[in-house]
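Notes follow once the structure below has been shown.
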Amino acid sequence: MSDSQQAGTVRIFDTTLRDGEQAPGCSMNLQEKIEVAKRLEKLGVDVMEAGFPASSPGDLASVKAIAGIVKDCTVAGLCRSLEKDIDNGREALAQAASPRIHIFLATSPIHMEFKLRMTPEQVLEQAVSSVRYAKKFCADVEFSAEDAFRSDPGFVCRVFGAVIEAGALTVNFPDTVGYAMPDEFAARIRYIREHTPHIEKAFLSVHCHNDLGLAVANSMAAVGAGANQVECTVNGIGERAGNASLEEVVMGIRVRKDYFGVDTRIDSTKIYGTSRLVSQVTGVKVQPNKAIVGDNAFAHEAGIHQHGVLAKRETYEIMTPESIGIPRTRMILGKHSGRHAFEDRLKDLGLQVDKDTLELVFAQFKDLADKKKVVSDRDIEALVMGVSAAAPETWKLDHWAVNTGSALGASGTVRLLHRDGRSEKLVSMGDGPIDSIFKAINRIIGKDPELELYELGAITGGSASQGESMVKIAWEGRHWNGRGVSTDVVESSIKAYLSAVNAMEWELSAGKANGHV
Ligand code: KIV
Ligand code: ZN
């Protein structure tokens, strides 16, 4: 192990903003990516992969923005093994305190023959020359052998040895298609350690996909076999069945420190809040029985279990909810609660807001508490997200009304205020109240984005619950999410639609300013 490698520590390389974000339905707007990046920094990830700068002007801009803000961890940009991608990566990471260029090139026979149309020797040569090129501007270069698990192990060792000689400080061994079994994967990692020239000069990383539900198991097996970086995503989001879930990898290593003899730098008490944030911004719900962060992860239903936990917690709990940031006892928040109690709850939930946001959210909390007896943690998260991850409001809801019934079509009226001060009002007919209002909004904004997803749910149970709406819209090949909450479901839907529209308007105008659109 080189001096730069800390014995006993496994690096956590988070790729929520790249592999996670590129999964269907997980896209985030710039503001949301920045919120997630700030939270990952506080969580203590060693590296965050902020995006794939050459993939789109939007990705380049978001990696640039994150690189300018995040200071306490390495920010990586993914690049194909091409000079033009590496140039984009260099531009995007120029402001980063600790930049990393992450280059990938496939090494499996099937990828080399059918996707790259290159011979193994050409792949080896291109891998080395791209690492050499990146090293001219960036000291920290990682090389990934895409589809490494289905590659010839001897060939991967040759490629890894050559890129380490060219200056790569990390070599990553992905199971790109989630094909490996844990004992085979561990054996392969041992083989790579034993047969790669100068492997001691580099970090050996793994990156597992979850096609057979084994991404975490394979990552843990690799740690046991000597991998010292794990690539993962919050809530396990990612291509197809997803990536290894960060929270499961981190808590697996921590709870079984006796077994692995290593640990990570992660502040586990920030895990729950980060998981909630990623779920909120992507609109991808966490399944109730998900390990570590699912709603039922610490719920004991059976009488025997309840009795055991009451007598001694460790009978059925191998970690505490507090250790991942779920406070066990809470005061109820309602209309008599003051600012102090509200601020304390934000802290408990890991929600850090500036003074202005606090004022706004507290006022909204008071309004909500007037309508509902008890304001839940989920309500509070939704209020904070609605303010802090929202794009600046080009359009603001002033007033709405709908008229609907079983015999008539629906009509919707909406009045919006534009940030330049003008007010626009329109009535539209539609297929139900939501459709009529969305059509009226489209006519006001002069665009007709495709509604890719519309979801309506209740934040908590009971008829006093707030309605939470999620929409995804697409316009000219780009996608935006919006969320809205209100005790009225039509209003929550309008708010969600407007927040997606505002994200679109903001990014399109920022793009124009940068000459991208
Ligand atoms: O799954 C994969 O192989 C990847 C690489 C780009 C690291 O995501
Ligand atoms: Zn991947």
Side-chain angles (χ1 to χ4, degrees), residues 11-24 26-27 45-56 59 63 74-82 85-86 88-89 92 100-112 114-116 123 126-127 130-131 134 140-153 155-156 159-160 163 168-180 185 188-189 192 202-216 218-219 222 227 229-246 249:
R11 285 188 162 186
I12 295 297
F13 175 116
D14 178 274
T15 182
T16 306
L17 293 167
R18 198 278 298 170
D19 221 337
E21 205 263 346
Q22 78 191 43
C26 291
S27 59
V45 302
D46 298 283
V47 186
M48 73 172 77
E49 187 160 60
F52 184 174
S55 68
S56 70
D59 244 44
V63 177
T74 296
V75 178
L78 183 70
C79 306
R80 284 167 300 180
S81 171
L82 300 171
D85 274 33
I86 296 167
N88 278 310
R100 174 179 296 188
I101 299 270
H102 177 192
I103 299 168
F104 73 101
L105 185 61
T107 50
S108 64
I110 186 166
H111 278 236
M112 290 190 292
F114 295 100
K115 187 182 83 177
L116 300 174
V123 164
Q126 186 165 317
S130 60
V131 169
D140 187 355
V141 174
E142 170 169 337
F143 178 81
S144 282
E146 192 189 10
D147 205 16
F149 183 73
R150 293 193 301 167
S151 306
D152 173 62
F155 180 56
V156 176
V159 174
F160 278 180
V163 295
L169 298 183
T170 304
V171 285
N172 180 37
F173 189 94
D175 181 14
T176 302
V177 292
Y179 185 67
F185 200 64
R188 193 66 65 83
I189 293 303
I192 300 290
F203 280 87
L204 177 54
S205 171
V206 291
H207 174 116
C208 296
H209 278 269
N210 205 30
D211 299 66
L212 292 172
L214 292 168
V216 171
N218 288 336
S219 305
Q229 175 176 288
V230 176
E231 303 196 355
C232 46
T233 60
V234 175
N235 297 339
I237 62 170
E239 281 284 5
R240 306 180 309 279
N243 289 60
S245 120
L246 178 147
V249 169

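It should be emphasised that the depicted structure is a prediction, and the values quoted were computed from it without experimental measurement. Indexing begins at 1, ligand by ligand and atom by atom, following the structure's order.
- Here D19 meets the criterion, with an N, O or S atom under 2.8 Å of the Zn ion (ligand 2).
- For the atom pair L105 CG and M112 CE, the distance stands at 9.0 Å (nearest 0.5 Å).
- Looking only at heavy atoms of the protein, atom 4 (C) of ligand 1 is closest to H207 NE2, 3.4 Å.
- Here E146 pairs with K115 in a salt bridge; the nearest charged N to carboxylate O distance falls below 4.0 Å.
- Considering just the N/O/S atoms of H207, the one nearest the Zn ion (ligand 2) carries the name NE2.
- Ligand 1 has a nitrogen or oxygen under 3.5 angstrom from a nitrogen or oxygen of R18.
- In this structure, CG in D175 is found 9.0 Å from CG in L214, a value given to the nearest 0.5 Å.
- Of the listed residues (E239, H209, H102), the one carrying the non-hydrogen atom nearest atom 1 (O) of ligand 1 is H209.
- Within the 3.5 Å criterion, the main-chain N or O of T176 finds no donor-acceptor partner in the side chain of D147.
- Atoms of ligand 1 lying under 4.0 Å from any heavy atom of D19, numbered from 1 in the order shown and given with element: 8 (O).
- The cationic atom of R188 (NZ for Lys, CZ for Arg) does not lie both less than 6.0 Å from the six-membered ring centre of F173 and within 45° of the ring axis.
- Side-chain contact between H102 and C79 is absent, with no heavy-atom pair separated by less than 4.5 Å.
- Of all the heavy atoms of T176, the ones lying under 4.0 Å from any atom of ligand 1 are found in both the backbone and the side chain.
- Taking every non-hydrogen atom of S144 and a distance limit under 4.0 Å, the qualifying atoms of ligand 1 come out as 7 (C).
- Residue P174 approaches ligand 1 through these ligand atoms, each under 4.0 Å from one of its heavy atoms: 3 (O).
- Of all atoms in ligand 1, numbered sequentially from 1 with element shown, those under 4.0 Å from a heavy atom of E146 are 3 (O).
- Atom OG of residue S27 and atom CD of residue Q22 lie 12.0 Å apart, to the nearest 0.5 angstrom.
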